[in-house]
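Structure, as structure tokens:
So you know, we letter chains A, B, ... as the sequences are listed, proteins then strands, and number each from 1.
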2 protein chains.
Amino acid sequence: MDDVTGTGDSVAQAHPELVDGADAAQVEVSAAISPAKKKTAKAPSSKKRAKKDQETSPADAKTAADVIDPTAKDSTDVKDAEKPEKPDHNYPVNTAMPTSYDFLPPKAEKSVRIVSLNVAGIQAARKKGLDTYIRAESADILCLQETKLQAQDDAVFADVYPWRYWSLSKTKKGYSGTCVLSKLPPLSTRLGIPTTTTTTPAPTEDEDDEGRAVTLEFESFYLVANYVPNAGQKLERLAHKRDYAGWVREYLASLQTTKPVIWTGDLNVAHTAVDLTRPKGNTRTAGFTVEEREDFSTTLTQLDLVDLWRHLHPTEQDYTYYSYRFNCRAKHLGWRLDYFVVSRALLDKVRSCEIRNKVYGCSDHVPLALEIEV
Amino acid sequence: MDDVTGTGDSVAQAHPELVDGADAAQVEVSAAISPAKKKTAKAPSSKKRAKKDQETSPADAKTAADVIDPTAKDSTDVKDAEKPEKPDHNYPVNTAMPTSYDFLPPKAEKSVRIVSLNVAGIQAARKKGLDTYIRAESADILCLQETKLQAQDDAVFADVYPWRYWSLSKTKKGYSGTCVLSKLPPLSTRLGIPTTTTTTPAPTEDEDDEGRAVTLEFESFYLVANYVPNAGQKLERLAHKRDYAGWVREYLASLQTTKPVIWTGDLNVAHTAVDLTRPKGNTRTAGFTVEEREDFSTTLTQLDLVDLWRHLHPTEQDYTYYSYRFNCRAKHLGWRLDYFVVSRALLDKVRSCEIRNKVYGCSDHVPLALEIEV
DNA sequence: CTTGATACG
DNA sequence: CGTAGCAAG
């Protein structure tokens, strides 16, 4: 995410109507771009919905910071933003990594566990306990985004993952970066997203300048681990992001002609209003613009792909990202930006898809785990 | 200081002869540029001296890091550098600020207490306890160097210091910066050092682009608070520093035609071999080059100024700076870079000049306190 | 090692 | 708020 508060506060300040008034445009948009499978993305119960709206209403806001951007200088309300609130939910709000990982479910027989996590800088994440989690999780395949490494660190988990693939930013140092670590040998691999899959002849230029994609081919599926570009605080990269969405769509389509695909990673979009705590006021915030949501919808629809976590948890309000700013984790102000998106053909094989919502503290994201039959 | 280890280790690595062999050149230089008052800068007792040399000898070094630059990658000796050593001295080696300031002496009657401290970034220093010290010290005049502020923060200690003067770097943001806070109203003030005092007519351009000097005129003296440029890791700024030394010399001379001067601050030079723990191997290290030492000597000699702390503590081995690198504080590997240099006419009025050697932890320097009759 | 500015999120 | 790389010390 960019400078998004997770609350839409900065936007709310600029456009109070987005918070104050009935956000008609927003409502329409949500309806217009609801996911392919209506059922999987239906709005939460009216009771819950009402409660959420209440939270977002300035008049009823528990803290002034709920509607005022705390970055505004000399705001006496900034302090209030730090006040502990009694949570109105049962989701974990820890900000340090767990000390024990007993809660991790045992891996089912004959299944492959694939985990995706945006580490927001692997060096820092490791200092804050990433390794302990990784070893406890014992995933078969690990997809990490935003490693922010200049060069691949091939010693990372080499003892458990014999196959390691790093995509690094060629331009900006310490920026972006994706890696996939695997216990299983891939049939083939590729770094980056081809930008011109439609052209003939062959020489396709990969969109891998920024280290955003690693593809591993396995017997029964392609795994595309992806870190989709952020649209930018002022949406200055929205156009590029839309191009990127097109390249990814074409690429996934081409792969899918061969076998099913698993598209995972930080896809940098909250698909519908239920995928972030504060949809109101964030309609022009990177990650929740109509453009980004529509592009995502288009990919799902055209390729008949399934947003797996939402498919399995149609009405749940859980997130994979909590901004470091404004105590968003403690307030459970989150976004669901990380996905396993799979070819419908794979649905039968899926055992589970879970947000590891206790595993916060090494990054501003939490891991997402898929278990699938082999 | 620059990248100086305080040990001369990096230099030693490049020029092992400086450590291994008898450093004849070094010895000659030391003799040649001993301070004006021979007595005040004589070498320590032979016993102590021998012990120090032993420390510096690679064969007898207690830790490999004593002679090997720990920044060299994959050095297995790096860890050894962290081993706690039994100190062979009674100087404080704390790395966090004191919790109590009971040890600060009460201020004498009819005296002015002036304190100089390189804060190495006033924002960070305040977070680490600067304020508590400042209030406990209760100096009449406070001279801070390396504030690293972009703009003056006029709220800083405004409750106790009605007169506040900030010299800021005009070029590089967050670089250098000097300020003087006073309980006493100055007769006149000036920011920067004039660069062309010898020329006529008037328009002297001040050397204040980098926020390195604040002068306050009082009834009985000029106070020049100064942060002298660092010569740079590769001595790339040595030439500029020598120019600067000339400007300061001329400026102090001009002031002294009117009344005595107190020149204080981080003068960024260890004058003689007794002014740093490891003179050997540091003869081409910024802060201890023959050029910097000679320039300093010249200023003292030509203007008949006295290095007050050394004058009052002729044989003491105490320092005002301990590099953050290589655990220099814990190992008491220091440099004396901060001074009160005063016109000889003021000597009679001086009550004390003390290094606040316990006050380490908010900066890599410790404060230096002068008490003088008014 | 540590600070502060910068870019980015 | 937090990460990483930078320049500087």
### Query
Of all residues at least two apart in sequence or in a different chain, which pass the ring pair (Phe, Tyr, Trp, His ring centres under 6.0 Å) check with B/Phe296?
B/Trp263, B/His271, B/Tyr339
### Task
Describe the nucleic acid contact of B/Lys128 in one word from base, sugar-phosphate, nothing, applying a heavy-atom distance below 4.0 Å.
sugar-phosphate
### Query
Between C/dT3 and B/Gln123, is there an OP1 or OP2 to side-chain N/O distance shorter than 4.0 Å?
no
### Query
Can you check the A/Tyr321 OH to D/dC1 P distance for me, whole Å?
14 Å
### Task
Report the nucleotide, chosen from C/dC1, D/dG2, C/dG4, that has the shortest atom-to-atom distance to any side-chain atom of B/Tyr324.
C/dC1
### Summary
Whole-Å distance, A/His365 NE2 to D/dT3 C1', equals 12 Å
### Whole angstrom value for the distance that separates P of C/dA7 from CD of A/Glu236
12 Å
### Derivation of the side chain to side chain donor-acceptor pair (under 3.5 Å) call for B/Gln145 and B/Ser116
CA-CA 8 Å; B/Gln145 300 91 44; B/Ser116 171; 3.1 Å; yes
### Task
Identify the heavy atoms of B/Pro367 and B/Leu117 that sit nearest to each other, and give their distance.
N-CD1, 3.6 Å
### Task
Could you tell me the separation between the NZ atom of B/Lys172 and the P atom of D/dC6, rounded to a whole number of Å?
18 Å
### Message
Counting only side-chain nitrogens and oxygens, does B/Lys173 get under 4.0 Å of the OP1 or OP2 atom of D/dA7?
### Response
no
### Message
What is the separation between atom CG on A/Leu117 and atom P on D/dT3, rounded to the nearest whole Å?
### Response
14 Å
### Message
Expressed as a whole number of angstroms, how long is the span from B/Tyr322:OH to C/dT2:C1'?
### Response
18 Å
### Task
Please figure out whether A/Gln150 or B/Lys148 has its closest DNA chain D nucleotide nearer the 5' end.
A/Gln150
### Query
Angle class for the B/Tyr322/B/Tyr360 ring planes (parallel below 30°, perpendicular above 60°, tilted otherwise)?
perpendicular
## Note on the structure
Rounded to whole Å, the OH-C1' distance (B/Tyr175 to D/dC6) equals 15 Å
### Message
Side chain of B/Ala124 only, heavy atoms from C-beta on: which candidate in D/dG2, C/dG4, D/dC6 is closest?
### Response
C/dG4
### Message
So, using ring pair (Phe, Tyr, Trp, His ring centres under 6.0 Å) as the criterion, who are the partners of A/Tyr133 when residues are at least two apart?
### Response
A/Tyr101
### Query
Rounded to whole angstrom units, what separation is found between the CG atom of A/Asp364 and the C1' atom of D/dA4?
14 Å
